[in-house]
Amino acid sequence: MTDVTLTVNGTIRRASVEPRTSLADYLRDDLRLTGTHLGCEQGVCGACTIVVGGRPVRSCLAFAAACDGADVRTIEGLDSDATMVELRAAFTAEHALQCGFCTPAMLITARDIVQRLPHADDRRVRLELGGNLCRCTGYVGIVRAIRKVLDAHAATRPGAPELPQAAEMARDVRHNTPLPVVSPMPSASSSPPSAKESQPGGGVEIRESFEIHRPREHVWSLFADLRRVTSCVPGAELLEQAGESFKGRIKVKLGPIVANFIGDADLHLDPSSHSGDVSGRGADSGNGSRAQGKMAFTLSSIDATSTKVDATITYSLTGSLAQFGRPGIVRAVVQRLMQDFARAVEDDLAGGAANEGRKPARTELNAISLAVSIFRSEIRSLFSRFTRLFRRK
Ligand code: FES
Ligand code: FES
């Protein structure tokens with residue numbers, strides 16, 4: 001844990017955070033400042049934009065620990081800011097929002113434009129908004145709203161100067177960094193089990209361990225048989241196999257979100273160390289999402305009758321599902337998958353040969369029980385936050 005002191009919306013906040021905690025997660029989860037939204041969590045959509053040290057920053061890419069001593073302003077802290085009051089009225093008048101998901105961050109960027117570029121024309125406004133995505137309103141109303149505030153400011157400015165020439169604007173664009181990123185990476189060795197950490201390739205890593213109440217040799221015999229392994233994974237189906245390469249499908253359903261990936265994978269086993277890995281890539285043609293990843297596992301004997309499985313999953317997700325792929329949710333899905341997998345392995349081993357060639361017990365993850373388990377873990381983390389807060393007082 002790292003101790004940090006931040007000034008958030010004018011109040012000094014001291015906290016002890018994991019080195020990998022993003023500023024967005026700290027603000028949302030610890031301070032309950034949920035006006036900062038999370039979309040892609042990869043620095044693409046701009047939904048998490050806040051103000052750090054007077055400049056707009058994507059808080060999903062900034063680590064809270066790296067912002068020690070910073071002055072942070074979220075949308076909640078700009079409630080009575082004069083420019084924000086004007087912008088909010090203009091957004092309402094110009095129909096510059098629909099679902100409102102992008103709006104807090106859009107307003108923060110708009111405020112930055114109004115304050116930093118009082119002479120911006122529409123082209124420049126659009127350019128500056130390039131880091132904020134809106135999936136429903138479109139940008140016409142948003143640009144109109146910002147234009148309205150810029151024009152109102154220009155009209156009240158005594159002896160307002162001419163708009164700058166195009167060349168001057170181009171120089172401004174090159175020299176200004178609309179969304180600076182504060183993101184020194186923590187070292188991988190600092191991550192405890194079940195950690196999320198950005199990988200060099202941009203993926204996320206999740207580590208999980210679970211126990212199977214069977215001797216290691218029995219568990220290994222099952223892990224070496226792809227058809228039996230697949231039959232134990234909820235929602236998974238083996239479509240084709242050629243040696244160590246195979247084609248498969250996996251379906252995960254969580255409320256309205258359905259992931260149905262078909263892809264290829266390769267399995268490598270090392271019997272001498274009772275370890276192996278599966279790497280694969282797949283696509284969900286229904287929503288255009290793509291995923292690739294690797295799961296490395298090692299079996300170790302706890303005693304003569306029990307085996308510990310350590311698994312490290314590294315994955316990256318692109319496309320529309322990426323916006324639901326918050327590491328917390330993915331981790332909950334993975335934990336649930338592993339619990340179900342461990343139970344199914346024990347069932348299989350208890351049934352022995354009689355189970356060979358059986359159909360998978362389930363065709364997909366149980367959405368309701370998964371949602372309940374995620375809800376439970378959210379409650380647990382809320383409870384531990386309250387406990388921490390209580391202890392600090
Ligand atoms: Fe931070 Fe998308 S850029 S959530
Ligand atoms: Fe819905 Fe922008 S108003 S995403």
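Side-chain atoms are counted along with the backbone in the values below, which use heavy atoms only and exclude waters and symmetry mates. Ligands are counted one by one from 1 in listed order, and the atoms in each one are counted from 1 as well.
If you number the atoms of ligand 2 from 1 as listed, the ones under 4.0 Å from a heavy atom of G100 come out as 1 (Fe), 3 (S). Each of the following atoms of ligand 2 lies closer than 4.0 Å to a heavy atom of T137: 3 (S). Within ligand 2, counting atoms from 1 as listed, the ones closer than 4.0 Å to a heavy atom of C99 are 1 (Fe), 3 (S), 4 (S).
Geometrically, R135 engages F101 in a cation-pi contact defined by less than 6.0 Å to the ring centre and at most 45° from the axis.
The aromatic rings of F341 and F223 sit perpendicular to each other, their planes meeting at more than 60°, with 30° as the lower class boundary.
Rounded to the nearest 0.5 Å, atoms CG (L269) and NE2 (H274) are 11.0 Å apart. The CD1 atom of I142 sits 9.5 Å away from atom CZ of R126, with the distance rounded to the nearest 0.5 Å. Note: T307 OG1 to E217 CD = 8.5 Å, rounded to the nearest 0.5 Å.
A side-chain donor from one of S245 and D266 sits under 3.5 Å from a side-chain acceptor of the other. A donor-acceptor contact closer than 3.5 angstrom links the side chains of T74 and N9.
Taking all atoms of both residues into account, the shortest heavy-atom contact from A344 to C232 is CB-O, 3.5 Å.
The nearest N, O or S atom of C102 is not closer to atom 1 (Fe) of ligand 2 than 2.8 Å.
Closest to atom 4 (S) of ligand 2 among all protein heavy atoms lies R135 N, 3.3 Å. Looking only at protein heavy atoms, the nearest one to atom 1 (Fe) of ligand 2 is C136 SG, 2.2 Å.
Atom 1 (Fe) of ligand 1 has C48 SG, C60 SG as protein N, O or S atoms under 2.8 Å away.
Heavy atoms of other residues, nucleotides or ligands lying less than 6.0 angstrom from NE2 of H95 number 12 at most.
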